[in-house]
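Comments concern the structure below.
All ligand and atom numbering here is 1-based and tracks the order in the structure.
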Amino acid sequence: MSKDELEQIAVELKDCFACNLSKGRKNAVAGNGDGNAKIMIVGESPGKEEDEQGKPFVGDAGETLDELLAGIGIKRKDCYVTNRVKCNPLGENKPKQKELDACQKYLDKEIEIIKPSVILLVGETAAKLASPEKMENIHGKEFSYKNIPAFVVYHPSGLNNKNKDEREEDFRKFGELVKNLEIEN
Ligand code: URA
């Protein structure tokens, strides 16, 4: 990978006004983490805290994500972490299809640069990249995205605590997949 290419995405994002979400943001949030990562983590969109800090998964959901990863022996710093949409949806609503479409090129570039061995799709919006089905049917299962194994887990947001046990089980299965793929991280 080239660090410059990843930096280029962050530069482009600062100047991106392709959809309405650019109007309400403090920061466009580029992906971050290890540019040579084998594991890429894709969430939905930055929340309020991420918008403030300009980094993905740094709020409560990020803390839970770190814990769930640590529970299966994966360090966040060894992964590349990003979102489908790089700006905070106004009023914390889910991003609309046209916003997802406008932002898709950045995720495509990140995947091209990182070339991950596996992608962890966290939450329904990210999971839709791999399957149109409802979360209850696809969480804890392996799909593929752009010919890369892609594993779906429930989102680590506090709102999803009703799925806490299933979410832990999803991550446990993801840990097994990482072992089976012989991914060293
Ligand atoms: N939720 C996400 O999907 N992404 C973040 O970066 C933070 C919360």
Side-chain angles (χ1 to χ4, degrees), residues 6 9-10 12-14 16 19-22 24-35 37 39-71 74-111 114 116 118-131 134-136 138-140 143 145 150-164 166-168 170-171 174:
L6 287 174
I9 296 179
E12 273 178 47
L13 276 169
K14 284 200 177 112
C16 180
C19 79
N20 269 342
L21 299 189
S22 58
R25 74 179 177 221
K26 280 207 178 110
N27 286 294
V29 180
N32 83 352
D34 184 350
I39 301 173
M40 179 182 244
I41 299 173
V42 181
E44 177 183 284
S45 53
K48 198 168 175 299
E49 192 59 37
E50 288 77 18
D51 180 51
E52 297 274 347
Q53 292 192 37
K55 291 189 187 136
F57 281 104
V58 287
D60 289 349
E63 218 170 277
T64 307
L65 175 66
D66 291 357
E67 285 168 15
L68 287 160
L69 289 172
I74 295 174
K75 294 189 189 82
R76 151 92 171 253
K77 73 167 182 53
D78 297 330
C79 304
Y80 182 84
V81 183
T82 193
N83 283 299
R84 274 196 77 176
V85 162
K86 313 302 192 210
C87 295
N88 177 225
L90 306 171
E92 301 271 352
N93 291 323
K94 275 193 178 300
K96 300 184 181 68
Q97 189 58 48
K98 61 181 173 192
E99 294 153 358
L100 293 166
D101 292 344
C103 228
Q104 184 63 40
K105 64 176 183 175
Y106 297 112
L107 180 63
D108 290 346
K109 271 193 210 161
E110 288 174 304
I111 293 174
I114 302 287
V118 68
I119 301 176
L120 182 65
L121 299 169
V122 300
E124 188 165 40
T125 301
K128 288 252 181 316
L129 289 168
S131 168
K134 288 205 166 116
M135 275 306 271
E136 54 253 48
I138 59 173
H139 75 95
F143 297 84
Y145 182 61
F151 195 86
V152 173
V153 293
Y154 273 122
H155 197 282
S157 123
L159 300 173
N160 271 347
N161 271 339
K162 63 178 173 23
N163 300 121
K164 204 165 171 276
E166 285 168 294
R167 192 172 62 192
E168 269 177 32
D170 289 350
F171 273 78
F174 177 64

Pairs of nitrogen or oxygen atoms, one from ligand 1 and one from the protein, closer than 3.5 Å: please tabulate them with distances.
{"from": "ligand 1", "atom 1": "1 (N)", "to": "His155", "atom 2": "NE2", "distance (Å)": "3.3"}
{"from": "ligand 1", "atom 1": "3 (O)", "to": "Glu44", "atom 2": "N", "distance (Å)": "2.8"}
{"from": "ligand 1", "atom 1": "3 (O)", "to": "Asn83", "atom 2": "OD1", "distance (Å)": "3.4"}
{"from": "ligand 1", "atom 1": "3 (O)", "to": "His155", "atom 2": "NE2", "distance (Å)": "2.9"}
{"from": "ligand 1", "atom 1": "4 (N)", "to": "Ser45", "atom 2": "O", "distance (Å)": "3.0"}
{"from": "ligand 1", "atom 1": "4 (N)", "to": "Asn83", "atom 2": "OD1", "distance (Å)": "2.7"}
{"from": "ligand 1", "atom 1": "6 (O)", "to": "Phe57", "atom 2": "N", "distance (Å)": "2.9"}
{"from": "ligand 1", "atom 1": "6 (O)", "to": "Asn83", "atom 2": "ND2", "distance (Å)": "2.9"}

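- To the nearest 0.5 Å, atoms CD (Glu136) and OH (Tyr154) are separated by 5.5 Å.
- Of the inter-residue distances, the one linking Leu6 atom CG with Lys109 atom NZ reads 11.0 Å to the nearest 0.5 angstrom.
- The local environment of CD in Gln104 is crowded, with over 12 non-hydrogen atoms from other residues, nucleotides or ligands closer than 6.0 Å.
- Annotation: side-chain contact (heavy atoms from CB on, under 4.5 Å) contacts of Asp66 (sequence neighbours excluded): Arg76.
- Partner of Ser131 under the side chain to side chain contact (heavy atoms under 4.5 Å, CB included) criterion, out of Val152, Ile138, Leu121: Ile138 alone.
- The closest side-chain heavy-atom distance from Met135 to Glu166 is not below 4.5 Å.
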